[in-house]
Each structure stands twice: as structure tokens, then as C-alpha cells.
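Some notes on the structure that comes next.
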Amino acid sequence: QVQPVESGGGAVQAGDSLTLSCLASWRSFGIYAMAWFRQAPGKEREFVGFISRSNLNTYYADDFMKGRFTISRDNAKNTVYLQMNSLKPEDTAVYYCAAGTPVRITSSPEFWGQGTQVTVSS
């Protein structure tokens, strides 16, 4: 069963940093690209970024996120990370980890975690 499990969420102050982790429970972790999405209160879920299976490529939703958010993966630990710096109140959301094939990873990955809450106060 392919089930990503997120951890590391919490309540922080604006300007703080936070790193989310996503542990993969399946074998052959490297066969899937891994992505992060988020859903803010009252808003639709949005794509944050993804990292390729080979760990060579990352892509972020837009330039606003690029630089503050960094995605990395450690295939030896079956884990993908989302490093978030200079957090803002508008980053408050439930953050989801997802695994999928390259064709679907930015829009509708095949496998989703349960999400972890990040709350940023001003």
C-alpha cells in the first residue's frame, strides 16, 4: 500500500522556519515523484512543488514560493522534506504530501497523505 505520512506541522510565528517531513511506507520509494500541496481555510488545494524520482529536478508552483520553500528527498530514508523559511500568516494551511507518476504529479497524484497543519501567526 502506498501511503505517505506527513509530520512536522505546528504553530509558528511569522518569520520562522519549519520543515515538514513525509515518510513513505512503500518499497521502491524512488519509483514515484513526490509533491507537496497545501489547502488554506476556505480555499482550494494548491500545488506547492515536486521533486523528481531521481532527485535531480525540483519544480515550484510560482516564483513567490521559490526561494522560501525548498523540497528535497532522501531516498535512503524514504523521506521527502519541505523546508519553509520566512513564513507568513498566508502560509497557514494543511500541507499534504503526495506520490505519483510524472504525468500526474503536479495536478492529481495517485497517492495522498492525510495532511499536517501549519499555522503561522503574526
Side-chain angles (χ1 to χ4, degrees):
Q1 183 178 359
V2 180
Q3 178 64 59
V5 178
E6 306 93 336
S7 62
V12 297
Q13 298 288 322
D16 285 351
S17 296
L18 194 65
T19 298
L20 305 182
S21 300
C22 174
L23 179 65
S25 62
W26 60 94
R27 295 180 179 179
S28 302
F29 174 60
I31 68 172
Y32 292 115
M34 300 296 296
W36 288 94
F37 289 72
R38 71 181 186 183
Q39 186 167 19
K43 296 186 178 181
E44 294 185 355
R45 188 156 52 191
E46 63 176 339
F47 170 71
V48 173
F50 85 92
I51 188 165
S52 65
R53 296 174 293 181
S54 65
N55 202 16
L56 295 178
N57 299 302
T58 53
Y59 175 80
Y60 300 90
D62 57 40
D63 289 339
F64 179 74
M65 292 182 180
K66 191 174 183 179
R68 290 199 305 125
F69 288 20
T70 302
I71 298 173
S72 61
R73 68 189 289 168
D74 186 336
N75 285 354
K77 295 182 178 180
N78 278 21
T79 302
V80 63
Y81 305 96
L82 177 63
Q83 171 72 41
M84 303 182 291
N85 298 323
S86 302
L87 282 163
K88 305 176 181 182
E90 50 264 42
D91 293 318
T92 294
V94 177
Y95 284 74
Y96 296 91
C97 176
T101 54
V103 172
R104 296 180 57 174
I105 192 63
T106 63
S107 59
S108 58
E110 288 88 336
F111 309 102
W112 293 86
Q114 294 299 309
T116 186
Q117 176 71 47
V118 173
T119 302
V120 185
S121 58
S122 58

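Position 1 is the first residue of the sequence; numbering continues from there. Note that the coordinates shown come from a computational prediction; the quantities given were computed from them, not determined experimentally.
Linking Ile, Leu, Val, Met, Phe, Trp and Tyr whenever their side-chain heavy atoms come within less than 4.5 Å puts Val118 and Met34 in one cluster. Residues Tyr32 and Tyr81 are members of separate hydrophobic clusters, defined by side-chain heavy-atom contacts under 4.5 angstrom among Ile, Leu, Val, Met, Phe, Trp and Tyr. In the hydrophobic clustering of ILVMFWY residues, with side-chain heavy atoms under 4.5 Å counting as a link, Ile31 and Val2 come out together.
The side-chain contact (heavy atoms from CB on, under 4.5 Å) test applied to Asp16 returns Val12, Gln13, not counting sequence neighbours. Arg45 is linked by a side-chain contact (heavy atoms from CB on, under 4.5 Å) to Phe37, Gln39, Tyr96, Trp112, counting only residues two or more places apart in sequence or in another chain.
Residue Arg38 comes nearest to Ala93 through the heavy atom pair CB-CB, 3.9 Å, listed as atom of the first residue, atom of the second, then distance. Taking all atoms of both residues into account, the shortest heavy-atom contact from Ser122 to Ala14 is CA-CB, 4.2 Å. Across every non-hydrogen atom of Leu82 and Val48, the tightest pair is CD1-CG1, 4.4 Å. Minimum interatomic distance between Arg68 and Ser86 (heavy atoms only, all atoms of both residues): NH1-O, 3.1 Å. Here the closest non-hydrogen pair linking Ile71 and Thr58 is O-CG2, 3.6 Å.
With values rounded to the nearest 0.5 angstrom, Glu6 atom CD is found 7.5 Å from Gln114 atom CD. Note that CH2 of Trp36 and OG1 of Thr70 are 13.0 Å apart. Values are rounded to the nearest 0.5 Å. Within the model, atoms CD of Glu46 and CG of Asp62 stand 8.0 Å from one another, a figure rounded to the nearest 0.5 Å.
Tyr60 and Phe69 have their aromatic ring centers separated by at least 6.0 angstrom.
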All N/O donor-acceptor pairs, side-chain side in residues 17-25, below 3.5 Å, sequence neighbours left out:
| from | atom 1 | to | atom 2 | distance (Å) |
| --- | --- | --- | --- | --- |
| Ser17 | OG | Asn85 | OD1 | 3.0 |
| Thr19 | OG1 | Gln83 | OE1 | 2.4 |
| Ser25 | OG | Gln3 | N | 3.4 |
| Ser25 | OG | Gln3 | O | 3.1 |

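Phe50 and Tyr59 have tilted rings, their planes meeting at an angle from 30° to 60° on a 0 to 90° scale.
Here the side chains of Thr92 and Gln117 are in contact, with some heavy-atom distance below 4.5 Å. Put simply, the side chain of Asn75 reaches to within 4.5 Å of the side chain of Arg73, judged on heavy atoms.
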